[in-house]
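Encoded as structure tokens, the structure appears first; notes follow it.
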Amino acid sequence: MIKLTKRQDEILEIVKQNGPITGKEIAEKLSLTRAALRPDLAILTMSGNLDARPRVGYFFNDNYEVKLQAKEFIHQKVTDYKAHPIVVEKSTSVYDAIVQLFLEDVGTLYAVDTEGHLAGVISRKDLLRASLGNRNLHELPVSVIMTRMPNIITINPDETLLEAAKKMINNHIDSLPVVKEEQNNTYLLVGRITKTTITKAYLEIMEEKSH
Ligand code: ADP
């Protein structure tokens, strides 16, 4: 974002209050000549703060700030917004996984092996599906019902929230495990990104900017 000068801020304020307004009228309000204003008006138009229409004048571009906020939002890194992953060992029973889901108040659990490497994803629907049969949920390990590697869609800490949002929408899933790749195609689980995380980050950025 370009830092505006005091005069450019004054011009913006005048156009916000009075637009559409001609360059001549703005100049009069500031007791300046039209020529003295020209560079400032050029900067404000090029930067997108103002729009200009021939024979109508300058008017304030309401979308400009929203666009800037959106731009800032999508460049945020996953690592700054990721939440703690809630994990279970892959030998955990479906029954205990359901209890864990309620205790932790999350929608998705991640299964890890004994070294903390990502092994599977267990969503609400996976648990519901498993519960529909008359199987003994105490005996059934989550490893039987989970989505496994290599089918898990993951994200790296240095990817952006935009990439995370795209992956979730394109794959119809609610969350992504945040992972660091290690040797032999193994992934160390370091966090999770959910649709809620994205919505929260969006709200934070929008609210911060509008104050
Ligand atoms: P829910 O089942 O509660 O609607 P999801 O939409 O996230 O939650 O999950 C739908 C299916 O996709 C489930 O079978 C789940 O195991 C799987 N799944 C969830 N997250 C991922 C992911 N990151 N990568 C691959 N599969 C996933």
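Both counts, for ligands and for their atoms, begin at 1 and track the order of listing. When reading the values below, keep in mind they use all heavy atoms of this one structure, side chains included, and skip hydrogens, waters and symmetry mates. From a predicted model like this one, the values you see are computed outputs, not experimental measurements.
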Carboxylate-amine/guanidinium proximity below 4.0 Å for [X] and [Y]:
{"X": "D126", "Y": "R129", "result": "yes"}
{"X": "E159", "Y": "K167", "result": "yes"}
{"X": "K6", "Y": "E10", "result": "yes"}
{"X": "K77", "Y": "D158", "result": "no"}
{"X": "E204", "Y": "K200", "result": "no"}

Given a heavy-atom cut-off of 4.0 Å, could you list the residues near ligand 1 in chain and number order?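 Within 4.0 Å of ligand 1, protein side: V121, S123, R124, K125, D126, T147, N151, I152, I153, H172, I173, D174, S175, P177.
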Indicate yes or no: at least one non-hydrogen side-chain atom of E89 is less than 4.5 angstrom from one of T114.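 Yes, close enough: below the 4.5 Å cut-off.
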